[in-house]
There are 2 protein chains.
Amino acid sequence: MVTIKEVAKISGLSVGTVSNVINGLETVSETNKKKVQEVIDRLGFKPSRIASSLSSKKTGNMGIIVPDVSSPFYSEMIKGISETLEINGLNIFLSGSNDNLDKETSLIKNMMYSWVDGLIIVPVYERENEPGILNELKIPVVLVNREIRGVKRDLVVFNNFKGAYNATAYLIKNNHKKIIILSGPKHSRSFEDRVIGFKEAMEEKGLYDGSLVFSCKYSEKSGYGAMHKALGKLQNIDAVFASSDLIALGAIAAIRERGLEIPGDISIVGFGDIYLSKYLNPPLTTIKRPFYNTGKTAVSLLLERISQQRKFSDFKSEPARIIMQDLLEVRKSVKVKSV
Amino acid sequence: MVTIKEVAKISGLSVGTVSNVINGLETVSETNKKKVQEVIDRLGFKPSRIASSLSSKKTGNMGIIVPDVSSPFYSEMIKGISETLEINGLNIFLSGSNDNLDKETSLIKNMMYSWVDGLIIVPVYERENEPGILNELKIPVVLVNREIRGVKRDLVVFNNFKGAYNATAYLIKNNHKKIIILSGPKHSRSFEDRVIGFKEAMEEKGLYDGSLVFSCKYSEKSGYGAMHKALGKLQNIDAVFASSDLIALGAIAAIRERGLEIPGDISIVGFGDIYLSKYLNPPLTTIKRPFYNTGKTAVSLLLERISQQRKFSDFKSEPARIIMQDLLEVRKSVKVKSV
DNA sequence: ATAATAAAATGAAACGGTTCATTGAACCGA
DNA sequence: TCGGTTCAATGAACCGTTTCATTTTATTAT
């Protein structure tokens, strides 16, 4: 491995000068710049990131922590993050927290000791309102998708309320009356917001009723169970608003098992527009969330914060709060009834 | 940030001794081990990975390069990799090559300068038979999923031949005669193998004919186009073997557009068992590939190779070649005809 | 009690860069 | 010609570890 010393020796200049050339400092004469650059090219020298990290205290590594690395949502986001970081010559450290707070904490700590310059985290939601470590970290952190009470950090979230409201309103507009919501886990701000959006749209038309809310976990299995439960309890359900496409998947299976048709007997709207939704039969009408762009946005926020921190080492501007707009993606899983 | 020096000073011992305690060396007396450990615990000290990397030349970072970070296949594999590495306290550097050779090369170089200890790569296939950089890298490398001619590296692949053979044989067994294959991209060893598996199964029953092979790219869009083309050219297609679930997705859409039913009119078998396949209607019969376990396996191979290299610095055993077994996952997209 | 040996602890060099106070050369005006 | 100023280049200190030759301490045999 070629080192800066060899470059210095061969080009007959000092290590300091070579370093200045590498970093584009303007204090080097044109002659020497060229001379050094030639040697660098000839030897194929690239400065070691490790050494440079140690002395400059900037690693160029960003840590990413998501609950599940393989989730269709997050992997889309990771792609956005990864491509954006790459443009800036930065590396990404990826880890999955498995939605487990202890693991998240240990991952964060581990990353701190790997000296990441910044962190993008989709935080575990069950944390008993303890901002804890998230507020204490001394490096820039951007939170994505889930807002944690009491945590003062840059944030990129979706407008879950509006998305749910729109989805529900769309069902109502198409003349559905008895609409249930498969609400997703409690303790999760984003899922709560979806319930509220649902509730608000329903109440506006006097359709709301607490018994229409069925909570379940964020998975197809849980959606499957909840849908069966709903079908058992309630008669004549017109439509289902599943607050996640994953939940919708399970619900669809359950509905079919009862011999009901979609959208003939029951309409369904999902939330999230995962990769597969448009390939389902019928293609799932759902709320689309721009995860790729969310990843990109999170990175810009992070880089912005990092450069700010470097310029004014003690300056802390208010945390940003960026809201990505959800969009109703109309496909075929809702029966369009004319009034 | 607490450093090893402070730990040394406070515990009244030398830096070297503290380092030995950290690394579990047996040359430290029990008394001092305890003393140091206490100070470490009290101060919450953790050695900096950066510093330790620089001096030991082991970073504990592994590079992962896949064509597409968000692909359902690879994100599953990444999960397997990530969870296995984590157990060993190792970090993962993730990047997407976008199936572009130049990008792959530059990613690899970049990782080299970040001093990763090892690399797991799903290589770009279009490389004009140039092993190139892959053979030259001085660190352990494990290739996954795609075999590149002339590259002598540890490898984890699927038995694409057998999978395709089984899928085709299954169709034949169920009394399908006119079976086409949507073959996926050329230049790709894994897709070629699938064609060969298809061909062999067909030939055994005298059913093969070159006109049954339709090549397309690895995407639903391309599968959609190829299926339409096939439907235009050929009459009475009994069944389709799509050499990827993604291709199957497109094919299904095309088949439906022609007013045909699955599996009533045409049966279809996919390849890959992506996340969504079991949720399709009808659920897609497909070849399942254990991507999660493939990730795990790649990691063990890599770690094995790394420790080998550390023990005998010049020792090079033959590259391993692990074949993960594909499995036919029977669902509902094939019409089961009794003969 | 002493020499020989084993075990434990030390501390400086090394890893490969960055940074910055210092030096040296070049230039300018008087 | 000399003092002052500017611009380049230097090289040593530093970042936080590991490593290993050397020194110190403890143990054992005589």
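All chains are named by letter (A, B, ...) in the order of the sequence lines, taking the proteins before the strands, and each is independently numbered beginning at 1.
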What is the separation between atom [atom1] on [X] and atom [atom2] on [N], rounded to the nearest whole Å?
X      : N       : atom1 : atom2 : answer
E30(B) : dA26(D) : CD    : P     : 17 Å
N23(A) : dC20(C) : CG    : P     : 12 Å
R49(B) : dT17(D) : CZ    : P     : 13 Å
E26(A) : dA8(D)  : CD    : P     : 9 Å
K58(B) : dC15(C) : NZ    : P     : 16 Å
L43(B) : dG16(D) : CG    : P     : 15 Å
I22(A) : dG16(C) : CD1   : P     : 14 Å
I4(B)  : dA12(C) : CD1   : P     : 15 Å

With a 4.0 Å cut-off on heavy atoms, is [X] in touch with a base, just the backbone sugar-phosphate, or nothing at all?
X      : result
S29(A) : sugar-phosphate
F45(A) : sugar-phosphate
S19(B) : base
V15(B) : base
I50(A) : nothing
S52(A) : sugar-phosphate
V2(A)  : sugar-phosphate

Ignoring backbone atoms, test whether [X] places a side-chain nitrogen or oxygen under 4.0 Å from the OP1 or OP2 oxygen of [N].
X      : N       : value
N20(B) : dA8(C)  : no
T3(B)  : dG16(D) : no
K57(B) : dT19(D) : no
T17(B) : dT10(C) : yes

Query raised in the report: Would R153(B) and I121(B) satisfy side-chain contact (heavy atoms from CB on, under 4.5 Å), going step by step from the backbone distance to the final call?
Result: CA-CA 11 Å; R153(B) 289 291 189 177; I121(B) 307 181; over 6 Å; no
Query raised in the report: Is the closest basic N to carboxylate O distance between K33(A) and E30(A) below 4.0 Å?
Result: yes
Please pick, from [options], the nucleotide with the shortest atom-to-atom distance to any side-chain atom of [X].
X      : options                   : value
S14(B) : dT19(D), dA9(D), dG11(C)  : dG11(C)
V28(A) : dA9(D), dG16(D), dT18(C)  : dA9(D)
N32(A) : dG16(C), dA8(D), dT17(D)  : dA8(D)
L13(A) : dT10(D), dG16(D), dG16(C) : dT10(D)

Report task. Sort out for me which residue in R310(A), K138(A), K58(A), R305(A) forms a salt bridge (charged side-chain N to carboxylate O under 4.0 Å, His left out) with D117(A). Result -> R310(A)
Beyond-backbone contact of [X] with [Y], side-chain heavy atoms, under 4.5 angstrom:
X       : Y       : value
I108(A) : L134(A) : yes
V144(B) : V66(B)  : no
K79(B)  : E83(B)  : yes

Report summary line: Result for 5'-nearest mapping on DNA chain C, choosing between L54(B) and G16(B), is G16(B)
Query - Distance-only donor-acceptor test (3.5 Å): side chain S56(A), base dT18(C) - result: no
